[in-house]
Amino acid sequence: MTGMGHSSRPLSRAFFGRPADRVARELLGCRLAVRAGDGRVSRHMVCETEAYLGAHDLACHGSRGMTARNAVMFGPAGVWYVYLCYGMHWMLNVVTGPVGVPAAVLIRGVGGHVGPGRLTRALSIDKRFDGRPTVRPTGLWFEPGRLVPPQFVAKTPRIGVGYAGAWAEKPLRFLVDPETLGFGERVGQRNRRPPRRTEA
DNA sequence: GCAGTGATCATA
DNA sequence: ATGATCACTGCC
């Protein structure tokens with residue numbers, strides 16, 4: 001959780017009205033701002049996201065057509081798409097791209113809360129945000145953060161979408177190691193040590 | 001490794 | 001109305 005001393009303008013609808021993979025990548029380093037019940041606002045750096053590209057993406061909910069649950073994915077960008085998974089975990093997504101394209105970005109990790117179901121539980125995010133815009137008055141929005149340089153961004157296949165055939169393999173999950181907020185280390189090199197020297 | 005959990009959706 | 005599925009997590 002970051003400090004509460006300052007705030008900045010929420011990420012605009014234009015930011016989200018672009019392809020989901022681009023938004024997912026650029027959301028890294030931005031801050032998710034949450035207003036709690038007592039009115040206090042906390043901010044959490046986004047460190048893990050996944051892109052769901054649209055109707056052609058077989059891992060995307062929108063690929064099976066519009067239903068009551070996923071209808072907001074077909075609507076304007078910059079709107080929350082929140083749904084319950086496995087009967088107990090709320091998944092937080094933000095709709096991306098033009099109207100008519102069912103695309104979104106799943107927020108999988110922020111600050112110290114890694115895991116899509118864990119972060120929603122920790123921040124008390126649930127169905128009440130579904131279909132609401134990502135603006136300050138809703139109590140949940142994004143603010144720009146620090147730019148994460150490409151060498152600190154890892155890309156992997158998405159989690160839990162094995163049913164999606166070739167689409168399960170695409171590198172649409174984006175991570176930055178939250179431990180390296182100072183960006184002093186590269187992702188994937190955290191355990192690197194200098195080779196041990198032995199005396200002859 | 002796998003059970004828990006319940007809304008959602010297709011099928012009827 | 002019923003049954004399968006599920007963008008996960010926590011404990012074995």
Side-chain angles (χ1 to χ4, degrees), chain A residues 1 11 15-28 30 32 34 44-98 100-134 140-142 153-179 187:
Chain A
M1 172 164 350
L11 260 31
F15 177 91
F16 297 104
R18 299 178 297 152
D21 52 344
R22 183 94 189 273
V23 174
R25 160 66 181 87
E26 293 188 18
L27 234 23
L28 296 180
C30 294
L32 179 65
V34 192
H44 314 262
M45 196 199 77
V46 178
C47 57
E48 182 177 341
T49 58
E50 276 176 1
Y52 290 84
L53 269 31
H56 60 294
D57 174 0
L58 266 17
C60 182
H61 286 171
S63 68
R64 263 97 57 203
M66 189 187 296
T67 67
R69 179 180 70 167
N70 69 15
V72 304
M73 294 186 82
F74 292 78
V79 170
W80 296 117
Y81 169 45
V82 184
Y83 69 93
L84 189 64
C85 188
Y86 290 99
M88 52 190 120
H89 308 296
W90 294 104
M91 300 289 108
L92 178 67
N93 301 255
V94 58
V95 175
T96 65
V101 174
V105 171
L106 171 65
I107 309 303
R108 295 192 54 93
V110 299
H113 310 294
V114 178
R118 287 185 182 153
L119 79 86
T120 52
R121 184 162 46 105
L123 304 180
S124 300
I125 292 164
D126 60 25
K127 190 77 182 165
R128 72 187 188 277
F129 293 105
D130 186 48
R132 312 286 308 280
T134 60
L140 187 63
W141 69 98
F142 289 107
V153 176
K155 304 178 190 181
T156 80
R158 292 169 292 185
I159 304 297
V161 296
Y163 57 82
W167 282 94
E169 316 295 325
K170 308 218 178 254
L172 292 171
R173 175 175 175 237
F174 301 84
L175 304 93
V176 56
D177 187 337
E179 302 280 316
V187 170

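Just the heavy atoms: all of them, side chains too, but no hydrogens, waters or symmetry mates, feed the values below. Residue numbering restarts at 1 for every chain, and letters A, B, ... go by the order of the sequence lines.
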Next item on the list: Specify the separation, in whole Å, of atom CH2 of A:W90 and atom P of B:dA7.
Entry: 9 Å
Notebook entry, point to check: Near DNA chain C, which residues from residues 68-75 of chain A have a heavy atom under 4.0 Å away?
Noted result: A:M73
Next item on the list: Quick one: label A:M91 by what it contacts on the DNA or RNA (base, sugar-phosphate, nothing), any heavy atom closer than 4.0 Å.
Entry: sugar-phosphate
Margin query: Within the 4.0 Å heavy-atom criterion, would you say A:R173 contacts the bases, only the backbone, or no part of the nucleic acid?
Written below: nothing
Check: Under 3.5 Å, side chain of A:R64 to main-chain N/O of A:L58, donor-acceptor pair present?
Finding: yes
Notebook entry, point to check: A:Y86 OH to C:dA7 C1': how many Å, rounded?
Noted result: 8 Å
Check: Please give, in whole Å, the distance from C:dC8 P to A:I159 CD1?
Finding: 8 Å
Notebook entry, point to check: Dot-bracket, DNA chain B: Watson-Crick or G-U, under 3.5 angstrom, [ ] crossing, | other strand?
Noted result: ||||.||||||.
Next item on the list: Answer yes or no: does a side-chain N or O of A:R118 lie under 4.0 Å from OP1 or OP2 of C:dG10?
Entry: yes
Check: Is A:N93 reaching over with its side chain to a backbone N or O of A:A104, donor-acceptor style, under 3.5 angstrom?
Finding: no
Item checked: Distance below 4.0 Å between A:R64 side-chain N/O and C:dC6 OP1 or OP2 -> no
Check: Could you give the CD1-to-P distance, from A:I125 to C:dA7, as a whole number of Å?
Finding: 19 Å
Check: Within this structure, what is the CD-to-C1' distance between A:E48 and C:dT9, rounded to whole angstrom?
Finding: 14 Å
Checklist line | Distance in angstrom units between A:H89 NE2 and C:dG10 P, rounded | finding: 7 Å
Next item on the list: Test A:Y52 against every option in A:T96, A:V95, A:V161 by the side-chain contact (heavy atoms from CB on, under 4.5 Å) rule and name the one that passes.
Entry: A:V161
Check: B:dT5, B:dC9, C:dA7: which one has an atom nearest the side-chain heavy atoms of A:T67?
Finding: B:dC9
Notebook entry, point to check: Is there a donor-acceptor pair closer than 3.5 Å between any side-chain N or O of A:E50 and the backbone N or O of A:R108?
Noted result: no
Item checked: Spacing between A:L84 atom CG and B:dT5 atom C1', to the nearest angstrom -> 8 Å
Check: Is any N or O donor-acceptor pair between the side chain of A:H61 and the base of C:dA7 shorter than 3.5 Å?
Finding: yes
Notebook entry, point to check: Rounded to the nearest 0.5 Å, how far apart are CG of A:D130 and CG of A:L84?
Noted result: 11.0 Å
Check: Under 3.5 Å, side chain of A:R121 to main-chain N/O of A:H89, donor-acceptor pair present?
Finding: no
Check: For the atom pair NZ (A:K155) and CG (A:D21), what is the distance rounded to the nearest 0.5 Å?
Finding: 8.5 Å
Checklist line | Nearest-angstrom distance from the residue atom CG of A:D126 to P of B:dG6 | finding: 15 Å
Notebook entry, point to check: Below 6.0 angstrom between ring centroids: does that apply to A:W80 and A:F142?
Noted result: yes
Checklist line | Test item: A:D57 side-chain N/O and A:S63 main-chain N/O as donor-acceptor pair under 3.5 Å | finding: no
